[in-house]
2 protein chains.
Amino acid sequence: MPPPIHVSFAAGDTGTWRIESVSPVAGESLAPAACLSVHENAPNAAGNAWTLRGTTSNTRYTTRAEVAALAAVQQGLGRPAATRAALIPIRKTEAWWALAQDQRRAIIEEQSRHIAIGLEYLPPIARRLHHCRELGGPFDFLTWFEYAPEHADAFEDLVRRLRATEEWSYVDREIDIRLSR
Amino acid sequence: MPPPIHVSFAAGDTGTWRIESVSPVAGESLAPAACLSVHENAPNAAGNAWTLRGTTSNTRYTTRAEVAALAAVQQGLGRPAATRAALIPIRKTEAWWALAQDQRRAIIEEQSRHIAIGLEYLPPIARRLHHCRELGGPFDFLTWFEYAPEHADAFEDLVRRLRATEEWSYVDREIDIRLSR
């Protein structure tokens, strides 16, 4: 298990990814920008529009059986065919964070099937979760998705199903940023 | 539930707390220093010897029933009689962080009784846990304890019992810093 990777998502005039849209789902949006660059372990990286920072981490809810099921099928970031991406920053409510660990796990999986739903879309939809609640920024999580154009409909289906869950009733800010390269 | 508190433990020539001892338990020690100051949400605070930074966070393993049992008896930091303190930075192994959530929970509580043991020493031994694995420093956790001099023997008993657990076999760096004011 490698140490956490610090990732900066830097929006501005330059970057590998072209920003196709910035859509607020809940709460305040972010400024539009032309491009996004993704920097790993480069703490000073910043865009001239905005920069969001997070870190990978250990699993927080996933059981050993679920980790094994995911690992058996998932693929990494950077596949050449994966020319579509989404960056979805979310913040959860104070009520969410006041719940105990077993209560949050029950909502995430036993009620909302978050892990099981994500598994249905592997390997086409690659995903990396970044935590930022302890870094002091405006969001709690930054999730980055990559997929090929032929899986765009599957990705829409995935986000629609997750947003309909009990877990999502605890999301009070969410922005859906779509990208291509 | 308040947002995470960023805490800087700054060691140097000045500070509210006098450092009585800096003892390595596992791995490399820290430099000795005269005093420690504790700063909340002051990101630029630093000591002229060393500074350790962490943040409070949501519960990671504690169930609703355990949260209720702890809340019923625990007391906050800053009690006037609590003139003894300990700062215990620890780092856990890569093998620990590679475990899934349910495996870490089983080792922490079902095998090691970490939460139950801590509960036995409440309210005399007040405790605040700070996370720092995602902040990039040399430790994963900084735990701060405060107690009155008459509970010093109980505190020694608490740390002795925790260090004898299965959980502690995953600790590869630990320093025990004792303080008074």
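No experiment lies behind these values; they were computed from the predicted model shown. Numbered from 1 within each chain, the chains take letters A, B, ... in sequence-line order.
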statement: Distance col, row B/Glu94:CD vs A/Asn58:CG, nearest 0.5 angstrom, shows 13.0 Å
message: In this structure, would A/Ile19 and A/Val7 fall into the same cluster of hydrophobic residues linked by side-chain contacts under 4.5 Å?
response: yes
task: Could you tell me which non-hydrogen atom of A/Gln101 sits nearest to which non-hydrogen atom of B/Gln101, and how far apart they are?
output: NE2-NE2, 3.3 Å
- request: Could you list which of residues 135-166 of chain B have a heavy atom closer than 4.5 Å to any heavy atom of chain A, in residue-number order?
  value: B/Leu135, B/Gly136
- prompt: Is B/Trp96 reachable from B/Val171 through a run of hydrophobic residues whose side-chain heavy atoms are each under 4.5 Å from the next?
  reply: yes
query: Can a donor-acceptor pair be found between the side chains of B/Glu134 and A/Ser57 at a distance below 3.5 Å?
result: yes
query: Would a hydrophobic clustering, with Ile, Leu, Val, Met, Phe, Trp and Tyr connected at side-chain separations under 4.5 Å, put B/Ile5 with B/Leu52?
result: yes
query: Which residue pairs satisfy the salt bridge (charged side-chain N to carboxylate O under 4.0 Å, His left out) criterion with at least one member in residues 10-36 of chain A, sequence neighbours excluded?
result: A/Arg18-A/Glu20
message: If the contact rule is any heavy atom under 4.5 Å from chain A, which residues of residues 102-131 of chain B qualify, in numerical order?
response: B/Asp102, B/Gln103, B/Arg104
task: May I ask whether A/Trp50 and A/Leu179 are part of the same hydrophobic cluster, defined by side-chain heavy atoms of I, L, V, M, F, W, Y residues being less than 4.5 angstrom apart, directly or through others?
output: yes
- prompt: What heavy-atom pair brings A/Leu99 and B/Thr59 nearest, and what distance separates the two atoms?
  reply: O-OG1, 3.9 Å
message: Checking an interface table here. Which of residues 61-83 of chain A come within a heavy-atom distance under 4.5 Å of chain B?
response: A/Tyr61, A/Thr62, A/Thr63, A/Arg64, A/Val67
- prompt: Shared ILVMFWY cluster between B/Leu30 and B/Leu36, side chains joined below 4.5 angstrom?
  reply: yes
